[in-house]
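Predicted model only: the values in this text are computed from it and were never measured. So that the names make sense, note that chain A is the first sequence line, chain B the second, and so on, each numbered from 1.
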Protein chains: 2
Amino acid sequence: MEQETHLTESQPASPGTLRPGGRTAKVRRAVLDATQDALADAGFHALNMDRIAATAGVGKTTVYRRWGSPVGLVTDLLHDMAEQSLPASDTGSLAGDLRTNAELVRATLTDARMGAVFRAVIAAAACDEDCARALADFYRTRLGEWAPVVAKGAARGEIPAGTDPTELLRAVSAPLYYRFAVTREEVTADVAERAVTAALAAARDGVFIRA
Amino acid sequence: MEQETHLTESQPASPGTLRPGGRTAKVRRAVLDATQDALADAGFHALNMDRIAATAGVGKTTVYRRWGSPVGLVTDLLHDMAEQSLPASDTGSLAGDLRTNAELVRATLTDARMGAVFRAVIAAAACDEDCARALADFYRTRLGEWAPVVAKGAARGEIPAGTDPTELLRAVSAPLYYRFAVTREEVTADVAERAVTAALAAARDGVFIRA
DNA sequence: ATCTTAACGGAACCAGTCTCCCATTAAGGG
DNA sequence: CCCTTAATGGGAGACTGGTTCCGTTAAGAT
């Protein structure tokens with residue numbers, strides 16, 4: 001809603017888009033870094049615009065003007081995270097690739113810093129629609145990066161043709177995130193392994209064939 | 001942390017435990033109802049102790065004293081929700097029972113009121129350890145109620161003996177909650193159906209046999 | 001090099017939240 | 001039925017987080 005506010009005022013565009021040179025970019029970097037730090041060691045509820053401005057070494061007016069609110073910060077952080085994509089693996093077998101994927105997700109969620117960030121992001125998305133959209137985009141991007149892995153597996157005949165790649169990938173991630181965010185159980189290597197095995201078993205049975 | 005505060009003071013116990021007669025119980029009921037209403041139509045970020053007190057027709061001091069903070073309210077609401085258990089189904093086949101379970105979860109998450117409550121609860125749990133524990137307890141309870149359904153299915157030979165009941169149930173719920181809380185995709189009947197089919201396929205393959 | 005103005009930053013200001021104090025009500029025991 | 005005291009309730013005051021104003025800095029154009 002802050003976003004809307006200054007758009008409807010006399011401002012021609014949202015700040016940072018018209019003159020995104022050195023200073024503006026530096027400010028954004030500092031603020032997003034500070035945001036991630038804050039989320040990592042205090043969580044979303046403790047996210048405070050004022051403190052972010054202080055640790056980023058930036059005027060708090062700037063933070064309020066450009067991001068508007070704590071969820072605004074998280075939303076932009078999410079956009080930033082979506083931009084820096086990391087490539088999918090290629091172990092030669094679908095099972096191997098999915099195992100790598102699951103292990104990557106597990107490592108991220110288990111990592112003290114990244115785990116806290118993801119927790120915060122999920123909480124923020126539960127509070128705000130814009131943030132929810134950014135989160136959805138983030139995962140759409142991530143799943144899209146891994147989809148070719150599944151397609152190749154299908155081409156090799158490891159799973160039936162017509163299997164929906166992202167559907168299989170979701171099946172791998174779901175048990176990990178479910179434990180991480182909902183039941184708050186520990187996400188062990190065992191859980192990741194079982195997620196892969198289960199998803200593959202279902203895929204072989206043709207459960208994920210696109211309708 | 002509020003909880004701790006008045007425990008360490010001169011108070012002998014937390015309020016409401018020593019004299020839980022008519023009034024105290026009535027206050028709790030009113031406050032928890034108001035909390036659920038507030039979560040349903042404004043979300044967790046908008047949860048406000050002051051307003052809760054007003055709509056519950058209760059002094060705000062009472063709300064602060066007994067619950068301390070918004071997460072405190074949600075935590076207690078969660079305990080309350082865990083207490084009112086609803087029984088598992090018995091359609092005669094494991095597939096049927098799991099389908100009922102998945103459909104129940106889907107209906108809950110899709111329902112405007114309950115969906116909002118669950119979203120809020122997940123957000124709150126991401127912010128606070130006590131609340132996280134309460135959430136974990138809630139699901140431990142729920143899964144425990146449905147475990148017999150799986151055991152009976154195993155006894156009937158629909159899935160291998162030694163299958164971990166709650167593990168199978170988690171596999172059914174995970175894709176629904178993953179979409180609901182993480183990727184924020186729509187939780188359709190189709191998704192629920194596929195979750196059941198996939199979980200069953202994996203179970204038949206012995207993926208969920210207890211180590 | 002100079003100019004225009006987008007974007008930043010400091011400080012005062014305002015508002016909504018929480019806390020504390022003390023009077024009032026009623027639960028549970030005799 | 002009465003007494004003790006747990007628990008509630010109203011209101012004043014403090015505090016923190018957010019907003020606005022206006023002067024300053026430097027990006028991008030000429």
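For CD of B/E83, the number of neighbouring non-hydrogen atoms (other residues, nucleotides, ligands) closer than 6.0 Å is greater than 12.
Rounded to whole Å, the distance from NE2 on B/H45 to P on C/dT17 is 12 Å. One can place CZ of B/R66 at 19 Å from C1' of C/dT19, the figure rounded to the nearest angstrom. Rounding to whole angstrom units, CE of residue B/M49 and P of D/dT8 are separated by 13 Å. Between B/K26 atom NZ and C/dA26 atom P there is a gap of 10 Å when expressed in whole angstrom units. Remark: P of C/dT17 and CG of B/L47 are 11 Å apart, rounded to the nearest angstrom. Across the protein-nucleic acid pair, A/R28 atom CZ and C/dA6 atom C1' stand 18 Å apart, rounded to whole Å.
The main-chain N or O of A/L135 is never found under 3.5 Å from a side-chain atom of B/R184 such that the two would form a donor-acceptor pair. Between the side chain of A/T91 and the main chain of A/S93, a donor-acceptor pair closer than 3.5 Å is present.
Side-chain N/O atoms of A/R65 include none lying less than 4.0 angstrom from OP1 or OP2 on C/dA6. The phosphate of D/dG9 (OP1 or OP2) has a side-chain N or O of B/T62 nearer than 4.0 angstrom.
For A/R119 and A/F180, the positive end sits near the middle of the six-membered ring, less than 6.0 Å away and at most 45° from its axis.
Taking a cutoff of 4.0 Å between a charged side-chain nitrogen and a carboxylate oxygen, B/E193 and B/R99 qualify as a salt bridge.
When side chains are defined from C-beta on, B/V71 does not count as touching B/D130, because their heavy atoms never get closer than 4.5 Å.
Taking 3.5 Å as the limit, the base of D/dG18 and the side chain of A/S69 contain no donor-acceptor pair of atoms between them.
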Look for any protein N or O under 3.5 Å of an N or O in nucleotides 12-17 of chain D and output each such pair with its distance, or none.
{"unit_1": "D/dG17", "atom_1": "O5'", "unit_2": "A/N48", "atom_2": "ND2", "d": "3.1"}

